[in-house]
Each structure stands twice: as C-alpha cells, then as structure tokens.
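Take a look at the structure set out below.
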Amino acid sequence: MYLIRLAFRPWRMAPGTQILTTLTLGGVLFFSSFFLWAYFTISPVAEKVKKEQVVTAYFEQNMNTSQEGDIVRSIQSVVGSGVELSVTSPQQFLKEIEVLYPNLRKELLTLGNEVNSVLPKFVSVSGDIPQSVISSIESIPLVSHVETSVDRYKPIIKLFSLIKVASGWVSITLLFVFLASLFLLLVINRSYYSKAIEVFQQMGGDGLINSLPGIFSGASTGFLAGLISGVLWIFTFPFISKTIISVSPLLSDIALPLYSVAFYQIVIATLLGSVVGLFSSFGVGRIR
Amino acid sequence: MITLKNVTKSYQNGHKVLDSVHIRLLTGEFLYVLGGSGAGKSTLLKLISSEESATRGKVELFGYDLDRVPPLTMKAIRRMVGYIPQQINLIEDLTVFENVHLSLKLASRGGSGTERKKKVELALEKLNLIHKKSRICRGLSGGEAQRVAIARAIVREPEIIIADEPTGAQDREHAWAIMDLLGAFSQTGKTVIVATHDPEITRRLQRKTATLKNGRVVIEERQICI
C-alpha cells in the first residue's frame with residue numbers, strides 16, 4: 001500500500017505533466033493500433049481482390065434472342081447464383097464506348113441494322129472463379145470463346161501491399177514512440193521517489209520492493225493510456241471504418257473489431273507500462 | 001562486530017576525506033565520532049552503514065567484508081543495522097506511523113500485524129511522537145522528523161545503530177532523552193556509533209571516542225559516567 005502511494009506521488013506533485021503525457025500516449029497508442037489493424041486487415045482484402053477476376057464469354061454471332069437467354073441461364077447455373085453476371089448487348093456496348101471512343105461509335109452507327117452482326121455479344125462474370133468453371137463455360141454450346149482477366153486488379157494489389165508494408169512500419173514506429181515516451185516519463189517520475197527507494201535499499205529492501213513503485217507507476221500510466229486509446233477506438237473507429245469502406249466496394253469485407261481491440265489496448269498498454277516501469281527502476285537509488 | 005582496516009576515502013575531485021583509518025568495535029560498545037564540520041564524520045558513518053564504499057581498505061560488519069559480500073548477504077546485513085542519516089530522508093507522503101512501520105516491515109521482523117503495531121507505537125512513545133503518529137511527515141518540524149528517523153532505526157531492534165548527529169535538531173530535553181535511549185541500547189548488547197560535534201553530549205554520556213583529525217582517527221577510552 002505504501003509503495004502504491006509512492007508510485008502515485010508524481011500524480012500529486014506534477015498532475016499537469018502526467019495528464020498531458022498520458023493523453024499523448026493514449027493518442028499514439030490509438031494510431032499505432034489503427035495502423036496495426038490496417039496491416040492485418042489489408043491482407044485478406046488483397047487476397048480476395050487477387051482471386052477476383054472477370055470472365056467474358058462471347059456468343060456466336062448468328063443466334064436469336066431465345067438462344068441468348070438459354071446461354072445466360074446455362075452460364076448462371078455453372079457459376080452459381082451467388083456470382084454476379086451481366087449481359088452486354090450491342091446497344092449497351094455502343095453506349096459504353098460513347099465517351100472513350102466517340103468516333104468509333106459514330107462509324108458503327110452508320111452500319112444501321114448490320115451493327116448487330118458486327119458487334120460482339122458477351123456475358124461477363126466477375127468473382128472468384130476456379131479454372132474448372134471457366135472450362136465448363138467454354139463447353140456450353142453457342143459460346144464461341146472465353147477470356148479471363150486474372151490480372152485486372154494487379155495495380156490495386158500492388159497498392160494494397162504497399163499500404164500494408166507502410167502501415168506495419170508506421171505502427172511499429174508509433175509503438176516505439178509510445179515506449180520511448182513512457183520510458184522518459186517514468187524516468188522523470190522516478191526522481192519523485194528515488195530518495196524513498198534509497199531509504200528502502202538502506203533498510204535492506206529487496207530488488208522487487210525497490211522496483212515496485214516504478215512498476216506501479218508504469219502500469220497505471222499504461223492502463224490510463226490504454227483506456228484513452230480504447231475509448232477513442234470505440235467512439236471514432238465506426239466513423240473511420242465507414243469512411244474507408246465508402247472509398248471502394250472492394251473494402252466492404254474488412255474486419256471491424258471494436259470492443260476486442262479496445263480491451264487489448266488496455267491490457268497490452270498496462271503490461272508494457274509494467275515492463276517499462278521495471279526497466280525505469282534499474283539503477284534507481286544511489287547507494288551501492 | 002565492526003572493523004575498519006586501513007580505510008581511505010577520496011572523492012572524484014581527489015579530496016581525501018579519510019586517510020588510513022583503523023577502528024575496531026566489539027558487540028555492545030558505544031563509540032562517539034567527533035570532529036569539526038567537514039572532518040569526515042558523515043563519510044565514516046556512510047562507509048560503516050554500507051551507503052558508500054571505501055576507496056581503499058576494508059570495512060567489515062559481522063565479519064563480512066562489505067566490498068565482497070554478495071547482494072543477498074548485504075541485504076541481510078542492512079536489515080540488522082539501524083542507520084540514522086544526517087539527511088533525514090523520511091518518506092514524506094507517509095504518516096509518522098507508516099514510516100516507522102515500513103522500516104520494521106523491510107527488516108522482516110516484528111511478527112504479526114498486531115505485534116508490529118505495538119512495537120511501532122512503543123518506539124514512537126519513547127521518542128515522544130505517539131501523539132503525532134497519524135501526521136503526514138511533510139508537515140513535521142526538523143526535530144520531529146529527526147526523532148521519526150531515530151524511531152525508524154530503533155524499531156527494528158538492530159544489532160548496530162549508526163546515528164549521524166541524532167541530536168542536531170533537538171532541544172536539550174529531547175537530546176538527553178535520545179542519548180539515554182541510545183545508551184540503554186548499547187547496554188542491551190547492541191553496538192552504537194554516534195557522530196556529534198556537541199561536547200555537552202559526550203560529557204553527559206561518556207564513552208569511547210574517535211576524533212577525526214586531518215582524515216585520521218584518534219581513539220580515546222573514557223569511563224562511563226552518567
């Protein structure tokens with residue numbers, strides 16, 4: 001009990017410094033956690049994007065509307081109902097090239113009704129499509145040929161891996177900033193009770209007793225920083241994650257841990273505080 | 001019990017405070033360390049209390065060379081020593097009772113909680129501090145703080161008491177009470193060393209003296225005459 005009171009001496013002697021530093025530590029821990037979350041969340045999203053592909057099945061040109069419907073149903077049954085499937089007619093094709101290739105569109109329109117026999121009719125299937133499904137689509141009658149775009153998201157995947165690496169480094173750097181700041185605070189704090197530690201040493205107190213005020217001081221500061229970070233996480237993370245998801249539908253499946261992360265922040269910060277507190281106690285007291 | 005063999009203490013600036021000091025003190029002996037201000041009395045006591053180490057020579061307590069003793073034995077030795085430093089160094093956030101109680105606890109002595117409480121209260125009574133036992137030490141006067149430091153040392157019933165100017169901040173009445181207490185302590189077989197510059201004290205309670213002159217010690221025997 002005496003040792004705990006000693007550990008809280010800095011809070012009595014210099015409350016402003018303690019409060020300000022603890023708030024800063026809480027903020028640093030929050031951002032460190034955020035980038036760590038980004039690091040671990042990006043991998044499954046990138047993996048999903050990596051598997052994502054568009055398979056285009058082109059129809060034979062000389063077939064009627066009812067045959068087209070049959071092919072679409074056949075493809076849907078092969079890929080399953082959960083996979084997105086879209087049919088592009090010549091009219092839709094012309095509409096799609098309107099902006100990018102206006103001159104080509106004008107030329108095609110001069111063909112009149114013949115345009116239907118010139119322009120390709122195709123079905124696009126997007127999703128995680130195994131090779132066996134692609135082979136099945138190829139074997140459907142009146143499907144002339146099939147193209148896949150496995151590398152469609154290659155630049156995005158590269159960007160994701162870059163963000164992942166950067167997030168990891170930022171997270172580690174912030175963790176070091178957290179530890180260094182905590183250590184610095186605790187070393188300053190120990191000056192408030194180092195005389196008392198000398199008294200303990202002189203009276204024959206053992207190493208643990210000498211270190212306990214430092215451990216308590218570190219654990220309490222760590223706990224408060226973790227609490228601040230956890231509260232920040234609970235109140236701001238839903239907004240941040242919503243903003244991130246709104247950037248792209250590709251990010252719609254990202255993990256959204258809320259209370260578990262807040263809990264871990266408190267536990268880990270308290271443990272780190274205890275360890276840093278122990279280290280900050282080394283060499284305290286001037287007697288041999 | 002306490003042996004200093006050819007002990008020299010110099011500080012980093014090269015100033016030699018103690019020069020080839022020899023002292024041998026047996027169980028139950030009482031020694032005054034005399035000398036002017038800056039003569040090295042406190043340094044000598046710091047060496048004996050294991051707070052500092054000698055530059056040269058050997059300091060032995062209970063037969064152990066303090067420079068060679070393993071940490072665990074050093075802690076055990078410290079638990080058998082009651083040191084009253086000149087810089088009182090109380091734990092200011094704690095009450096008078098708690099400061100004294102902590103000393104007993106760190107010495108791993110005193111038995112059960114109730115026994116410890118009784119011992120602390122007895123020590124405080126002896127030093128006329130029982131009425132202030134709940135006071136936070138920050139608000140104590142210099143004399144009161146010094147008496148708390150003495151209570152803190154004697155409560156653990158140490159084998160050796162080392163007191164650096166224990167009456168420096170006391171009025172005469174309290175000074176005599178403290179010296180009587182230390183004198184009674186030595187009569188129970190404990191070894192006591194008191195550094196003082198007050199000749200009145202040494203005249204009243206006559207014991208062996210070690211006078212520091214130019215860093216050297218001259219030992220004089222005196223008769224007990226209370």
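The sequence lines fix the lettering, A, B, ..., with proteins before strands; numbering per chain opens at 1. No hydrogens, no waters, no symmetry mates; every other heavy atom, side chains included, goes into these values.
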Quiz item: Side chains of Met203(A) and Arg152(B): closer than 4.5 Å at any heavy-atom pair?
Solution: yes
Quiz item: Should we say atom OH of Tyr39(A) is surrounded by more than 12 heavy atoms from elsewhere, each under 6.0 Å from it?
Solution: no
Quiz prompt | Neighbour count >12 (heavy atoms, 6.0 Å) for atom NE2, His174(B) | solution = yes
Quiz item: Are the side chain of Gln202(A) and the backbone of Ser49(B) linked by a donor-acceptor contact shorter than 3.5 Å?
Solution: yes
Self-check item: Close side-chain approach of Ile91(B) to Tyr193(A), heavy-atom, < 4.5 Å
Solution: no
Quiz item: Between Arg5(A) and Glu98(B), is any pair of side-chain heavy atoms under 4.5 Å apart?
Solution: yes
Practice problem: Answer yes or no: does atom OH of Tyr11(B) have more than 12 heavy-atom neighbours from other residues, nucleotides or ligands under 6.0 Å? | Solution: yes
Exercise. Measure the shortest side-chain to side-chain distance between Met13(A) and Asp93(B) over non-hydrogen atoms and say whether it is less than 4.5 angstrom.
Key: no
Quiz prompt | Greater than 12 external heavy atoms within 6.0 Å of Tyr64(B)'s OH | solution = no
Quiz item: Out of curiosity, Lys105(B) NZ to Phe200(A) CZ, how far, rounded to the nearest 0.5 Å?
Solution: 10.5 Å
